[in-house]
Amino acid sequence: MDQFAVRDGELLVGGIPLRRLAARVGSTPFYAYDRTLLSARVAQLRSALPTGIELHYAMKANPMPALVGHMAPLVDGIDVASAGELKIALDAGTDPGCISFAGPGKRDAELRQAVAAGILINVESFRELAVLAEASQALGVPARVAVRVNPDFELKSSGMKMGGGPKPFGVDAEQVPALLQAIGRAELAFEGFHLFAGSQNLKAEAIVEAQQKSFALALRLAEHAPGPVRTLNLGGGLGIPYFPGEQRLDLAPIGAALGDIVAEAATALPGAAIVLELGRYLVGEAGIYVCRITDIKVSRGHTYLVTDGGLHHHLSASGNFGQVLRKNYPVTIGTRMGEPAAEAVSVVGPLCTPLDLIAERMALPQAAEGDLVVVFQSGAYGASASPQAFLGHPGVAEVLV
Ligand SMILES: *Cc1c(COP(=O)(O)O)cnc(C)c1O
């Protein structure tokens with residue numbers, strides 16, 4: 001992966017050679033996130049998107065507090081998926097006016113916390129609305145609400161579908177007019193709509209199509225709204241390449257199509273902000289996972305690099321977080337960059353399960369005990385999306401460099 005530099009055969013993170021960084025962290029395994037790459041990604045996205053598009057960070061992709069603190073001033077808002085994430089976003093100094101909350105099973109207490117905080121709540125059921133109405137009465141502030149719509153279409157070629165057909169997320173488009181009426185009756189502060197069709201998409205045409213259909217659906221639903229639409233959130237879903245043959249997403253057609261949407265919204269939904277809420281795309285490529293080779297075993301002719309890291313820290317790289325057929329993440333020996341591949345080896349972790357696989361039959365340079373294995377594309381859905389307690393090994397460290 002070309003986003004990290006190499007010097008004297010060693011990978012650099014934020015300008016620091018990998019071995020030096022490992023010594024600074026004091027233990028392996030760890031995740032390292034590069035601030036410069038995070039900032040550059042936001043800047044690159046801004047230049048590809050039309051002005052008038054607001055960029056939000058969906059922090060479930062990576063909730064490390066220091067990273068959220070780095071992202072908060074770079075983006076226009078933070079999207080949280082729980083009261084726990086809300087705390088991190090508020091602690092990072094984010095203006096509550098720029099925080100929104102989505103998730104299919106918001107607990108009563110979480111909804112009350114959200115009303116008290118003054119953030120925008122994406123309502124996903126009639127029950128949530130009832131709880132919000134009660135909390136608004138009790139606190140004397142009307143809840144700020146948007147309706148999360150489960151659209152009547154799917155995002156094509158998406159790694160994970162989040163909308164279309166029966167889904168636990170949002171309210172089916174056909175039930176939204178009734179929900180909008182109820183919001184009006186409860187005298188809550190209606191602000192708009194949220195639509196999110198799917199995650200990890202690398203096809204620009206599919207993303208453009210979903211955004212256009214989402215916009216058209218929002219225009220139809222706006223006719224039933226109890227007030228003007230101030231925000232239209234078109235969701236996330238921009239993918240990053242993980243596997244051989246995958247290419248980085250072409251932003252040009254997405255930027256152009258969003259330009260048309262912004263222009264049309266100026267007359268059809270005057271004053272409405274058009275929002276993209278991205279997780280993986282903003283942070284995924286800026287992070288690596290680093291573990292140390294603790295043993296090298298040859299079993300019936302096949303070499304296993306045994307490491308101190310694995311599935312318990314990096315479930316996605318093991319292939320068990322949404323993959324159907326397991327494929328290798330981009331993996332390298334970060335202390336032997338540029339050395340020729342010697343043989344196809346497997347990189348495994350310390351867990352007593354064949355699922356604990358970091359790389360399967362991958363051509364890597366000849367490695368030794370103590371060398372550092374690097375998994376690229378690890379900035380999103382890593383530490384917080386992994387079963388760290390499984391088998392009782394130490395947790396993983398995280399650093400922002
Ligand atoms: C997970 C999530 C996102 C971010 O998705 P990515 O594919 O990481 O961009 C955005 N919005 C909501 C509501 C989510 O649940």
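Scope of the values below: all heavy atoms of this structure, side chains included, with no hydrogens, waters or symmetry mates. Residue numbers count from 1 along this sequence. Just so you know, ligand 1 is whichever comes first in the structure, and atom 1 is the first atom listed for that ligand.
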Colleague: Can you name the atoms of ligand 1, numbered from 1 with element, that are less than 4.0 Å from a heavy atom of A102?
Modeller: 13 (C)
Colleague: Does F169 come within less than 4.0 Å of ligand 1, judged by its heavy atoms?
Modeller: no
Colleague: Do Y31 and H314 have ring centroids that are under 6.0 Å from one another?
Modeller: yes
Colleague: At a 4.0 Å threshold, what atoms of ligand 1 neighbour a non-hydrogen atom of Y381?
Modeller: 1 (C), 4 (C), 5 (O), 6 (P), 8 (O)
Colleague: Compute the minimum heavy-atom distance from F196 to ligand 1 and say whether it is under 4.0 Å.
Modeller: yes
Colleague: Quick test of your reading of the structure: of A81, S199, G170, whose heavy atom lies closest to atom 7 (O) of ligand 1?
Modeller: S199
Colleague: Looking at every non-hydrogen atom in both residues, tell me the closest pair between R19 and E10 and how far apart they are.
Modeller: N-OE2, 2.7 Å
Colleague: Please state which option from G236, A58, A380 has its nearest heavy atom closest to atom 4 (C) of ligand 1.
Modeller: A58
Colleague: Ignoring angles and geometry beyond distance, decide whether K60 reaches within less than 3.5 Å of ligand 1 through its nitrogen or oxygen atoms.
Modeller: yes
Colleague: Ignoring hydrogens and geometry, is there a side-chain-to-backbone donor-acceptor pair from R361 to V345 under 3.5 Å?
Modeller: no
Colleague: Is there a polar contact, in the sense of an N or O pair closer than 3.5 Å, between R280 and ligand 1?
Modeller: yes
Colleague: Using a 4.0 Å cut-off to any heavy atom of H194, which atoms of ligand 1 qualify?
Modeller: 13 (C)
Colleague: Do we see a donor-acceptor contact under 3.5 Å between the side chains of S346 and H302?
Modeller: yes
Colleague: Which of the numbered atoms in ligand 1 are under 4.0 angstrom from any heavy atom belonging to G237?
Modeller: 6 (P), 7 (O), 9 (O)
Colleague: Is a salt bridge present between E285 and R248, judged by a nitrogen-to-oxygen distance below 4.0 Å?
Modeller: yes
Colleague: Could you list which atoms of ligand 1 come closer than 4.0 Å to a heavy atom of G279?
Modeller: 4 (C), 6 (P), 8 (O), 9 (O)
Colleague: For F196, does the six-membered ring have the charged nitrogen or CZ of R148 within the cation-pi criterion, i.e. under 6.0 angstrom from the centroid and within 45° of the normal?
Modeller: no
Colleague: Is G235 close enough to touch ligand 1? Criterion: a residue heavy atom under 4.0 Å from a ligand atom.
Modeller: no
Colleague: Can the ring centroids of Y33 and H70 be said to lie less than 6.0 angstrom from one another?
Modeller: no
Colleague: Is the cationic atom of K327 (NZ for Lys, CZ for Arg) positioned less than 6.0 Å from the six-membered ring centroid of Y242 and within 45 degrees of its normal?
Modeller: no
